[in-house]
There are 2 protein chains.
Amino acid sequence: MADVARTAGVSAQTVSRALRGSPNVNPETKRRVLVAVEQVGYRFNSAARALSSGRSHTIGLVLLASGGYYSRSAVTAGVEAAAGEAGYAVNIATIAALDTGLMERALSKLADQGVDGFVIAVPLISVTPKMEDITRDIPTVTLDGSRTAGARVLGIDQQEAGRVATQHLLDLGHRQVWHLSGPDEWIEARRRRQGWQECLAAAGVEAPPLLEGDWSPDSGYRQGQIIAMIPEVTAVFVASDEMAFGVIRALQERGRSVPDDVSIVSVDDIALAAYCSPPLTTVRQDFYRYGAAAVALLLQGDDADVDESVAAASLSVRASTAPPRSR
Amino acid sequence: MADVARTAGVSAQTVSRALRGSPNVNPETKRRVLVAVEQVGYRFNSAARALSSGRSHTIGLVLLASGGYYSRSAVTAGVEAAAGEAGYAVNIATIAALDTGLMERALSKLADQGVDGFVIAVPLISVTPKMEDITRDIPTVTLDGSRTAGARVLGIDQQEAGRVATQHLLDLGHRQVWHLSGPDEWIEARRRRQGWQECLAAAGVEAPPLLEGDWSPDSGYRQGQIIAMIPEVTAVFVASDEMAFGVIRALQERGRSVPDDVSIVSVDDIALAAYCSPPLTTVRQDFYRYGAAAVALLLQGDDADVDESVAAASLSVRASTAPPRSR
DNA sequence: AGCGTTCTTGTTAGCCATAGCATCGATAAC
DNA sequence: GTTATCGATGCTATGGCTAACAAGAACGCT
């Protein structure tokens, strides 16, 4: 930087100001500085900047290794894009499972890296004192997760998603709608389940027994085998597309046709949903947008003009749902 | 840190040594330091460490936003896990498309962040002088991509994958194997194509016209519509699972059965491959492992005991392939 | 002309950890 | 006993940048 300053004939401080777009710099001086930067091949040192300014211009993103890979990938892309736009870098930490210990370690690791904020894309329900500690010091946005000290929560209306999916099946004439839920530790899973329950209750239908999977297609397959054995099931609301793939496969292998015998609705609308056989009717989730919105919320601080809740209730109707055959 | 030193009754330097596991520290002193750290609630400042030591303990990961989301997600997880193991953080940069300009910007951004190394998971073929410049200064591992100045390439034997897939179809008795390739700019696509060509040549079969998609299920669907119109096609090697989903859907919609009328083999073995209808026969790729291996290669420097090439030729035989009907 | 403002630039003092050298005592070797 | 060697620790300078203050120049006003 000293080289640049010398070449441009100004002080280091002026170089710093020029590069950071400080308002009070003579345009001509700024030009000279930029030319000098080019000439010298200068590249600023972000460690030094972080040390000096106290801010690293880095956001820590916490992800869960299990769970849908589509959502992870899309959320990451959204976060990265929005962060990059604002001049922030993104540091990731993955936790292998929903576990408070792992979560503490991940946050701790990112905090050590000196991130300026967290985007937590892990729907952990319980919050430990240590987690509170860390998130008290560093601004945090939780993506549809639990509320922790001072953390903002970007809410996605998963309950509405559950309601929309269930209502769609009822509207088609199904008398009963079963539900294959995600694991109970996941807030998404709970909320979608609540939406399902509410919707059934509103329709005066008693909820059938709950099935539970772990988001994996394989768990969907296993639960699908059970579903196939119960003749009275005509409609299932599956909590994720990936599980729905498994369910459908199991049903078909056992000679139950989708949607003729059993209708399936799920949630996510991943890229492959339209290419399932039959194409999945599913509630769309815009993960990329969630990621971007989380960053916006994080960076804008209190005067956020971002809506803290992103609706998630647009149904993509495809071919996995139909009126019940027996009508 | 000064607080810690005071509390432990030692100098700051000793604290630094104790925390970094320097060999010449009295165990008793070390213990005292650790206790003091706990007491004071000290968390080291990585910016200062980076500034002082010249190394940031951060790896830059370059990803492509398009292309399969499964692979992206799995590679990221592998990189993150291996990096974390070695005490490195991961900084990501996504580029929206295969474009040298975007690539330069991504590398530049990461270089500004002061990363100690790059893992480039983008199979860009051409390398610009500016890219060379950056990667000359910073150790780089390219994941099956192009060789650039001083960069190591972790080769995945995609050609072998193409060969295995094609051979499988020939072995089943197909006289001819068509190929739906990925975009030409992708090295993976080229290599798989070469494997296909070689295999056909070795069998004395003249290669049919090449079809090309963009990795998306939708492009698979569109090409699948074309394939469905050509009665003589009995076997297709599709360059990715996601495209295969689209191809199969298109064939089925037009009344061509898979595998009875047309056999389909693809590459990747994503989580959903086993739940396609019919389940996909596909060449397995262990993306997580590729990511982890890239990091190992990067960090171990020249005395890498990592094999620079990871074989990728294990075929998961499922139900999308069968002998041709007309035999 | 004289004075207060505003704009632009420079000076100085850190930010926090580490490298490198210096120091000191203890152990080993002669 | 004396010197060489080694292990443990401390001191000081330094990395590259920015915050805070200081100072000079330019401008507008009375």
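Both backbone and side-chain heavy atoms feed into the values below; hydrogens, waters and symmetry mates do not. Throughout, a chain's letter reflects where its sequence line sits, starting with A, and its residues are numbered from 1.
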Enquirer: Can you name the residues that form a salt bridge (Lys or Arg N to Asp or Glu O under 4.0 Å) with A:R31, not counting sequence neighbours?
Expert: A:E28
Enquirer: Strictly distance-based, threshold 3.5 Å: is any side-chain N or O of B:D116 a donor or acceptor partner for the main-chain N or O of B:S56?
Expert: yes
Enquirer: Name the pairs: protein N/O against N/O of nucleotides 13-17 of chain C, kept only if under 3.5 Å.
Expert:
unit_1: C:dG14; atom_1: N2; unit_2: A:S52; atom_2: OG; d: 3.2
unit_1: C:dA17; atom_1: OP1; unit_2: B:Y42; atom_2: OH; d: 2.5
unit_1: C:dA17; atom_1: OP1; unit_2: B:N45; atom_2: N; d: 3.2
unit_1: C:dA17; atom_1: N3; unit_2: B:S52; atom_2: OG; d: 3.1

Enquirer: 5' to 3' on DNA chain D, which nucleotides open and close the contacts with chain B (atom under 4.0 Å from a heavy atom)?
Expert: D:dA8 to D:dG16
Enquirer: With a 4.0 Å limit, can you tell me whether A:N24 has a side-chain N or O closer than that to the phosphate oxygens OP1/OP2 of C:dT8?
Expert: yes
Enquirer: For side chain to side chain contact (heavy atoms under 4.5 Å, CB included), just list the numbers for B:L61 and B:F118, CA-CA rounded to whole Å, side-chain angles, deciding distance to a tenth of an Å, and then say yes or no.
Expert: CA-CA 6 Å; B:L61 171 62; B:F118 289 114; over 6 Å; no
Enquirer: Does anything in residues 27-35 of chain A reach DNA chain D, meaning a heavy atom under 4.0 Å, and if so which residues?
Expert: none
Enquirer: Have a look at B:V15 and say if it touches a base, only the backbone sugar-phosphate, or nothing, with a 4.0 Å heavy-atom cut-off.
Expert: nothing
Enquirer: Map A:R17 and B:N26 onto DNA chain D by nearest heavy atom, then report which one ends up closer to the 5' terminus.
Expert: B:N26
Enquirer: Taking the side chain as everything from C-beta on, heavy atoms only, tell me whether A:V119 gets closer than 4.5 Å to A:L298.
Expert: yes
Enquirer: Mind checking what makes salt bridge (Lys or Arg N to Asp or Glu O under 4.0 Å) contact with A:D3, not counting sequence neighbours?
Expert: A:R6
Enquirer: How large an angle, rounded to 10°, do the end axes of the helix from C:dA1-D:dT30 to C:dC30-D:dG1 enclose when each is built from five base pairs?
Expert: 30°
Enquirer: Consider only side-chain N and O atoms of B:T14 and B:S11, and report whether a donor and an acceptor are under 3.5 Å apart.
Expert: yes
Enquirer: What residues, two or more places apart in sequence or in another chain, satisfy side-chain contact (heavy atoms from CB on, under 4.5 Å) together with A:A77?
Expert: A:Y288
Enquirer: A:S16: which residues meet the side-chain hydrogen bond (donor to acceptor under 3.5 Å, both in side chains) condition with it, sequence neighbours left out?
Expert: A:R20
Enquirer: Taking only residues two or more places apart in sequence or in another chain, which ones pass salt bridge (Lys or Arg N to Asp or Glu O under 4.0 Å) with B:E80?
Expert: A:K109
Enquirer: For A:S11, answer base if it contacts any base atom (sugar-phosphate contacts may also be present), sugar-phosphate if it contacts only those atoms, and nothing otherwise; contact means non-hydrogen atoms under 4.0 Å.
Expert: base
Enquirer: Quick one: which protein N/O atoms are closer than 3.5 Å to N/O atoms of nucleotides 25-28 of chain C? Pair and distance per line, please.
Expert:
none

Enquirer: Under 3.5 Å, is there a donor-acceptor pair between the side chain of B:R72 and the main chain of B:L64?
Expert: yes
Enquirer: When you look at A:E104 and A:T128, which way does the side chain to side chain donor-acceptor pair (under 3.5 Å) test go after all the steps?
Expert: CA-CA 8 Å; A:E104 283 175 358; A:T128 65; 2.6 Å; yes
Enquirer: Please report the interatomic distance CE(B:M131) to CD1(B:I120), rounded to the nearest 0.5 Å.
Expert: 6.0 Å
Enquirer: List in chain and number order the residues that pass ring pair (Phe, Tyr, Trp, His ring centres under 6.0 Å) with B:Y88, two or more places apart in sequence or in another chain; answer none if no residue qualifies.
Expert: B:H57
Enquirer: Both B:V10 and B:A47 contact DNA chain D. Taking the nearest nucleotide for each, which residue is further toward the 5' end?
Expert: B:V10
Enquirer: Can you name the salt bridge (Lys or Arg N to Asp or Glu O under 4.0 Å) partners of A:D112, sequence neighbours left out?
Expert: B:R43
Enquirer: Test B:I59 against B:L299 for side chain to side chain contact (heavy atoms under 4.5 Å, CB included), laying out the working first.
Expert: CA-CA 10 Å; B:I59 289 176; B:L299 297 182; 4.2 Å; yes
